[in-house]
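Some notes on the structure that comes next.
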Amino acid sequence: MKSVNTERSPLLATLGVQIEPVILELALTHRSFAYENGGLPTNERLEFLGDSILGQAVTVMLYRTYPDLDEGHLAKRRASLVSTAALAQIARGLGLGEYIRLGRGEILTGGRDKASILADTVEALIGATFLDAGGEVATAFVLRLIAPLLAEPGHFGVSMDPKTALQELAASAGVGVPVYALESSGPDHSKVFVATVTIGSAVTAEGVGPSKKFAEMAAAREAIDRLNAL
C-alpha cells in the first residue's frame with residue numbers, strides 16, 4: 001500500500017484537489033486498519049460528513065439540470081448517483097483501492113475492491129475536501145466525480161434497475177430471458193453472495209455482493225456490458 005505522507009501526490013493529482021496530509025490519511029483509514037493498530041481514528045466521521053455534502057450537491061445539480069422532472073424522478077436519479085454501486089464505480093476509476101488503509105483481514109478478503117469500502121472512502125474524501133477547502137470546492141469536487149456517470153449512455157436506467165434494464169436489452173436482442181442462480185458463503189454475520197445470470201447461450205455473468213439483491217444487480221450490470229459488446 002502507498003504511504004499517505006510520502007506518496008499521496010498521484011492520488012491528489014487524480015482527484016484534482018489538495019487535502020492536508022493528516023486529513024487525507026484519516027480519510028483513507030478504514031476501521032479494520034484502525035482496530036489492528038491500537039484503535040486509531042477512522043474515516044467514519046468524514047464519511048458521515050461527505051455523505052451529506054454529496055447528497056446536497058447532487059440534489060441541487062439535478063434540480064437545475066432537469067427542470068421538467070417531477071420530485072419522484074429526481075429522487076430516483078439522485079439515488080442512482082449516490083448509490084454504493086455508483087460510488088464504487090467512481091472509486092475504481094480513480095484507482096482508489098490501493099491507497100485505502102486496510103487491516104490484514106480485509107486485504108486478504110479482497111477489501112480493496114469491496115464496493116462498500118470503496119464507496120465509503122469516496123464519501124470520506126468528499127468530507128475531507130470540505131474541511132480542508134470549503135463547501136464550494138467540495139461541491140465542485142462532487143460534480144467532477146459524478147460527471148462520467150452523467151455522460152454514460154443509459155446510466156440512470158441501468159443504475160436504478162439493472163435487472164429490468166437487462167431484461168429489456170435481452171428481449172430487444174432476441175437472446176432469451178435472464179436466469180439467475182445464487183450461492184453464498186461465510187458466517188451469518190458476514191455472508192458473501194455470488195449471483196450468476198445466464199441468457200441463453202449468449203451471455204453468462206457473475207456479480208458479488210453482501211446481499212442477494214446486490215449480487216444480482218452486479219451480475220445484471222456485468223451482463224449488460226457483455227451484451228452490449230456482442
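Using a 4.5 Å heavy-atom cutoff, the side chains of E106 and H30 are in contact. Looking at L227 and V175, their side chains come closer than 4.5 Å, going by heavy atoms from C-beta outward. Counting heavy atoms from C-beta outward, V197 and L166 have side chains that approach closer than 4.5 Å. Using a 4.5 Å cut-off on side-chain heavy atoms (C-beta onward), Y99 and P10 make contact. The shortest distance between side-chain heavy atoms of E36 and R104 falls below 4.5 Å.
The two residues A91 and L118 have their closest heavy-atom pair at CB-CB, 3.7 Å. The shortest non-hydrogen separation linking Q167 to P178 is CA-CG, 4.1 Å. Across all non-hydrogen atoms, the minimal contact from Y180 to K163 is OH-CG, 3.5 Å. Nearest heavy-atom pair, G207 versus A218, reported as atom, atom and distance to 0.1 Å: CA-CB, 3.8 Å. Residues A170 and G176 share a closest heavy-atom pair of CB-O, 3.3 Å. Between F33 and L102, the shortest heavy-atom distance links the atoms CD1-O, 3.5 Å.
L62 contributes atom CG, which lies 13.0 Å from atom NE2 of H73 (distance to the nearest 0.5 angstrom). Annotation: the span from T29 atom OG1 to E44 atom CD amounts to 11.0 Å, rounded to 0.5 Å. Put simply, CD on E206 and OG1 on T198 are 9.5 Å apart, with the number rounded to the nearest 0.5 Å. Distance check: L125 CG to I90 CD1 gives 11.5 Å after rounding to the nearest 0.5 Å. Between the CZ atom of F141 and the CD1 atom of I53 there is a distance of 10.5 Å, given to the nearest 0.5 Å. Taking CG from L131 and CZ from R45, the interatomic distance works out to 9.0 Å, rounded to the nearest 0.5 Å.
Looking at L87, T59, L49 one by one, the single match for side-chain contact (heavy atoms from CB on, under 4.5 Å) with L54 turns out to be L87.
The main-chain N or O of E20 is found under 3.5 Å from a side-chain atom of D132 such that the two form a donor-acceptor pair. S32 places a side-chain N or O within donor-acceptor distance of the main-chain N or O of G103, the cut-off being under 3.5 Å. Under the 3.5 Å distance criterion, the side-chain polar atoms of N43 are left unmatched by any main-chain donor or acceptor of L46. Looking only at distances, no side-chain donor or acceptor of T139 sits under 3.5 Å from a matching main-chain atom of E136. In this structure a side-chain-to-backbone donor-acceptor pair under 3.5 Å is missing from T109 to G111. Using modelled atom types, one side-chain atom of R112 and one backbone atom of G97 make a donor-acceptor pair closer than 3.5 Å. In terms of modelled atom types and a separation under 3.5 Å, the side chain of R78 and the main chain of V58 share no donor-acceptor contact. In this structure a side-chain-to-backbone donor-acceptor pair under 3.5 Å is present from R226 to T204.
With a 6.0 Å radius and a threshold of 12 heavy atoms from other residues, nucleotides or ligands, R144 has its CZ atom above the threshold. The neighbour count for K213 NZ, taken as heavy atoms of other residues, nucleotides or ligands under 6.0 Å away, does not exceed 12. More than 12 heavy atoms of other shown residues, nucleotides or ligands fall within 6.0 angstrom of atom CZ in R92.
A continuous path of Ile, Leu, Val, Met, Phe, Trp and Tyr side chains, each step under 4.5 Å between heavy atoms, connects L28 with L12, placing both in one hydrophobic cluster. Both V142 and M61 are part of a single hydrophobic cluster, where members link through side-chain heavy atoms under 4.5 Å apart. Residues L143 and F130 fall within the same hydrophobic cluster, defined by Ile, Leu, Val, Met, Phe, Trp and Tyr side chains chained together at heavy-atom separations under 4.5 Å. Note on I100 and Y35: separate hydrophobic clusters, where clusters join Ile, Leu, Val, Met, Phe, Trp and Tyr whose side-chain heavy atoms are under 4.5 Å apart, directly or indirectly. A continuous path of Ile, Leu, Val, Met, Phe, Trp and Tyr side chains, each step under 4.5 Å between heavy atoms, connects L96 with I107, placing both in one hydrophobic cluster.
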Practice task
Applying side chain to side chain contact (heavy atoms under 4.5 Å, CB included), run through I126 and L145 and close with a yes or a no.
Solution key: CA-CA 10 Å; I126 294 169; L145 289 177; 4.2 Å; yes
Practice task
Would you check, one step at a time, whether the test side chain to side chain contact (heavy atoms under 4.5 Å, CB included) holds for F193 with L182?
Solution key: CA-CA 7 Å; F193 293 85; L182 191 71; 3.9 Å; yes
Practice task
Decide side chain to side chain contact (heavy atoms under 4.5 Å, CB included) for I199 and V177; before the verdict, give the C-alpha distance in whole Å, the side-chain angles of both, and the deciding distance to 0.1 Å.
Solution key: CA-CA 6 Å; I199 311 170; V177 177; over 6 Å; no
